[in-house]
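Throughout, numbering of the chain's residues begins at 1 and tracks the sequence. When a ligand or atom number is given, it counts from 1 through the structure's own listing order.
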Amino acid sequence: MAEYSIRDSVAIIQLDNAPVNALSVAVRTGLYDGIERAAGDGSVKAVVVCGKGGNFCAGADIKEFDEGSKGPWITEIGDFMDRMRKPVVAAIEGVALGGGLEVALFCHYRIAAKNARVGQPEVNIGLIPGGGGTVRLPRAAGFKQALEMIVTGNPVRAERALKMGVLDEVVSGNILEAGIKFALSKAHIDTSLACLRNRPVRMDGLNIDTKADAALAHVKSKYKGFEAPMFCVKAVVNAARVPYDDAIQKEREYFFELRTSGQSQALRYAFFAERQIARWGLPGGGDYRTARAIPVRSVGVVGAGTMGAGIALCIITSGLPCVLLEQNQEFLEKGVTSLRGQLMGTVRLGKMTAGEAEVCLSRLKPSTSMEDLKHVDMVIEAVFEDLKLKREVFERLDKTCKPETILCTNTSTLDIDSVATATGRPDKVVGTHFFAPSYLMKLLENIYGSRTSPETVATVMRFGKTIRKVPVLVGSCTGFVANRMLAPYTAEAQFCVEEGASPAQVDSVLMDFGMPMGTFRVSDLSGIDVSFSIRREAARKLGVTLTVDSRYFRGQRHCSLIERLVEKGRLGRKTGKGWYKYEGPGGTVPLEDPDVLEIIETHCRALGIERRNVGSHEIQERMQLAMINEGFKILEEGICTRAEEIDVIWLYGFGWPRYLGGPMFYASKLGLKRVFEKICTFHKRFPHSQHWVPSVLLGKLSESGLPLSKWGEAAGTSRL
Ligand SMILES: CC/C=C\CC(=O)SCCNC(=O)CCNC(=O)[C@H](O)C(C)(C)COP(=O)(O)OP(=O)(O)OC[C@H]1O[C@@H](n2cnc3c(N)ncnc32)[C@H](O)[C@@H]1OP(=O)(O)O
């Protein structure tokens, strides 16, 4: 809704829809009614539109998008304002985004508090601004700057918006008082002079034809696969070419076309999924509503290898001091050099100044003495993935650190309890699984053990946000969520290669689907020897020796091509050859290698595997369905409590195309009945792959027709 009041002959319309005053039907109706009332009230000289609770407005209410269009549209409210003879002033604090900024652009004037940010982020949810933004922002800010804001979706701060011409004044102090004062100062000025409708699009000397082609080409390559950025360009270009009303009409057509598109649905889903993951609960009780995070003012990182150095870098760049610990000076120096190198990389990319980088480095305390961890609030252990070693480190940490210190293990495979029991504080032990490269990858899988306390979980969840990661809480199991789902996905890729596909073919199927990289290129990048030693270690623990001829491992189908590549010294990019051979500058360009194809052929001949033509559709289906089936098992076991958690993990851990929501959302769009039937078919066809045993939950859901948001509840794993 919108609250209406009058002060000093100024009508005040306050948008009111906590927490961000999104433009619901009620808010739009309240705004329209308020404007109409002020227009008809002879005692009112001017109008101020503002927001309640510290924000102007975050745009259309995204939750209402699936309900169709009801109530007045923003442009109808705007048309009314355009005809008003009394000045309407937008008094902005907090955010004016999307439809919020569009409302402001319909006002005759815009003032903002210093803390304010304005922007058109619709592109992030697969839309273009649909309330006049593509037509009015270029009239205020000029074609080039408006296009940039609309295509990137990035908001700008008040001072910059003022320079751009989006705002008329930036004020300090009470925004409403300033708005009233400003409105009264304009009460006698002809409003048509301030109306953006009456101004041309500012081209600032640019030629629209040349600019249009260049912008389309740029956007096409930069936002590969995304539909909305192209529409943003088309709408803004159109606004520069045709009269105002025609441009508004076209913008509306584009907006509605996109609103019902699969991409926008997926992107809206991803927006809310990211917010859902903050709502965690533990099986033993305790959740985000009741658990209090312990303040983290300093952190220690044990292990200055690539992972540890990257984690330390995340910490110091987020403003926290960090002790980086290594066992000896040589390893420590190596770690610090690697950290410095990554930091300077960000300076070279213009993301940080050299001065800011120095400030970050001043927060780092390299050390070889565990005593330096005595007073830190949290320690993240990032030593080699070996249980015995990790337990030794935890035993020492437990003795050294103050009793309140939270001890985190950066593990991708180990059971949290088996590490926690090395200490006398298992309630303060938790897994924090960073993804390589740890400074860049946004995902942080936080893993609770059976005795991890709600306070410890609350602390690592908040810490994740502090260091600008996307923290997702999951239960403990082999591979947790990300790697557990990745296992059948990569296994199927290798089986497809054994059966007749080439690594390059598999990778191009994945890239065409929208993944940032194919699985074989990823394997080359991270090192084939890494997967090799993980497999060898797992086999060793079971008393099995894996050889190049192993077709089965614990009764399961096994592809030993990795063993063959390692045998030939093909460890990946670092050796210049792996699944591909690498050429070009710095040996970074992957080329299909006839030698690899020969290795595959020989391997298949030796094992009597008959090769055939494996089609792209089959590759995609097998890799994705195997991994989706695992996702349902994860839900079924309560390792995750919501499908949204799995999707966020894939979006941020593996770069699943955001415009496809995530694997679980993708499954919901394919239809669970179809997904289940396909998985059953694959299970019959490949009985020696455990990952094709259909998930019981999936079977149940395939009959139920329940929406994705209810899958966790149906699994009985929801804890809230
Ligand atoms: C009529 C056609 C014209 C225009 C089309 C549009 O306007 S489309 C909408 C364009 N606007 C956006 O995309 C803004 C999206 N929101 C944000 O970027 C951030 O939420 C924001 C406003 C910067 C606040 O960020 P913050 O980190 O402070 O909070 P959080 O993101 O957790 O949001 C708080 C809760 O508000 C809900 N919410 C935010 N924006 C909207 C919205 N536009 N519609 C509906 N709900 C919104 C968000 O989901 C959070 O709710 P919660 O229940 O806590 O999950």
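- The shortest N or O to N or O distance between G99 and ligand 1 is below 3.5 Å.
- Atom numbering of ligand 1 starts at 1 in the shown order; those under 4.0 Å from a heavy atom of W73 are 1 (C), 2 (C).
- The residue Q276 has no part lying near ligand 1, judged by heavy-atom distances below 4.0 Å.
- In summary, D79 and R197 engage in a salt bridge, as defined by a charged side-chain N under 4.0 Å from a carboxylate O.
- Counting heavy atoms closer than 4.0 Å to ligand 1, residue P19 contributes side-chain atoms (C-beta onward) but none from N, CA, C or O.
- Annotation: R658, atom CZ; neighbour count of heavy atoms from other residues, nucleotides and ligands within 6.0 Å is above 12.
- Using a 4.5 Å heavy-atom cutoff, the side chains of V474 and N446 are not in contact.
- Checking atom 44 (N) of ligand 1 against the protein gives a heavy-atom contact under 4.0 Å.
- Salt bridge absent: K442 and E274 never bring a charged side-chain N and a carboxylate O closer than 4.0 Å.
- Contact annotation for I62 and ligand 1: heavy atoms of both the backbone and the side chain come within less than 4.0 Å of the ligand.
- When distances from atom 55 (O) of ligand 1 to the protein are checked, a heavy atom turns up under 4.0 Å.
- Of the candidates E64, R275, E102, it is E102 that places a heavy atom closest to atom 4 (C) of ligand 1.
- The residues R28 and D33 are annotated as not salt-bridged, no charged nitrogen and carboxylate oxygen being separated by less than 4.0 angstrom.
- Comparing R279, R252, E251, Q120 against atom 53 (O) of ligand 1, the shortest heavy-atom distance belongs to R279.
- Interface atoms of ligand 1 facing P121, defined by a heavy-atom separation under 4.0 Å, are 11 (N), 12 (C), 13 (O).
- Within a 4.0 Å radius of atom 49 (O) of ligand 1, the protein has at least one heavy atom.
- Only one option out of Y666, Y652, Y269 pairs with D647 in a side chain to side chain donor-acceptor pair (under 3.5 Å); it is Y269.
- For atom 51 (O) of ligand 1, the nearest protein heavy atom (residue, atom name, distance) is K63 NZ, 4.5 Å.
- Among protein heavy atoms, the minimum distance from atom 41 (C) of ligand 1 is reached at V20 CG2, 3.9 Å.
- Within a 4.0 Å radius of atom 28 (O) of ligand 1, the protein has no heavy atom.
- The atoms of ligand 1 that sit less than 4.0 Å from any heavy atom of F272 are 49 (O).
- At a heavy-atom distance under 4.0 Å, only side-chain atoms of A22, from C-beta outward, approach ligand 1.
- The closest side-chain donor-acceptor pair between R462 and T466, if any, does not fall under 3.5 angstrom.
- Tested against F106 for a side chain to side chain contact (heavy atoms under 4.5 Å, CB included), the candidates V49, D82, L31, I77 yield a single pass: D82.
- Using a 4.0 Å cut-off between heavy atoms, R259 makes no contact with ligand 1 at all.
- Set against the non-hydrogen atoms of G59, the atoms of ligand 1 under 4.0 Å away are 7 (O).
- Between E645 and Q276, every side-chain heavy-atom pair lies at or beyond the 4.5 Å cut-off.
- Distances below 4.0 Å separate heavy atoms of E122 from the following atoms of ligand 1: 4 (C), 5 (C), 6 (C), 7 (O), 8 (S).
- Residues F255 and W73 bring their aromatic ring centres within 6.0 Å.
- In D61, the parts holding a heavy atom less than 4.0 Å from any atom of ligand 1 are both the side chain and the backbone.
- Within a 4.0 Å radius of atom 31 (O) of ligand 1, the protein has at least one heavy atom.
- Per-atom contact check: atom 38 (N) of ligand 1 touches the protein, criterion being a heavy-atom distance below 4.0 Å.
- Nearest-heavy-atom check against atom 5 (C) of ligand 1 across A60, A18, G119 picks out A60.
- Of the protein's heavy atoms, L97 CD1, 4.5 Å lies nearest to atom 21 (C) of ligand 1.
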Next on the checklist: side-chain contact (heavy atoms from CB on, under 4.5 Å) for I62 and F272? Distances and angles first, verdict last.
Outcome noted: CA-CA 9 Å; I62 310 169; F272 288 115; 3.8 Å; yes
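- When L320, I294, D377, T432 are each tested for a side chain to side chain contact (heavy atoms under 4.5 Å, CB included) with F463, only one passes: L320.
- In this structure, K52 pairs ionically with E3, as a charged nitrogen and a carboxylate oxygen lie closer than 4.0 Å.
- By the 4.0 Å N-to-carboxylate-O rule, K63 lies too far from D61 to be salt-bridged with it.
- Ring-plane geometry between W711 and F632 is classed as tilted, the angle between the planes lying from 30 to 60 degrees on a 0 to 90 degree scale.
- For ligand 1, the polar-atom distance check finds an N/O of A58 within less than 3.5 Å of one of the ligand's N/O atoms.
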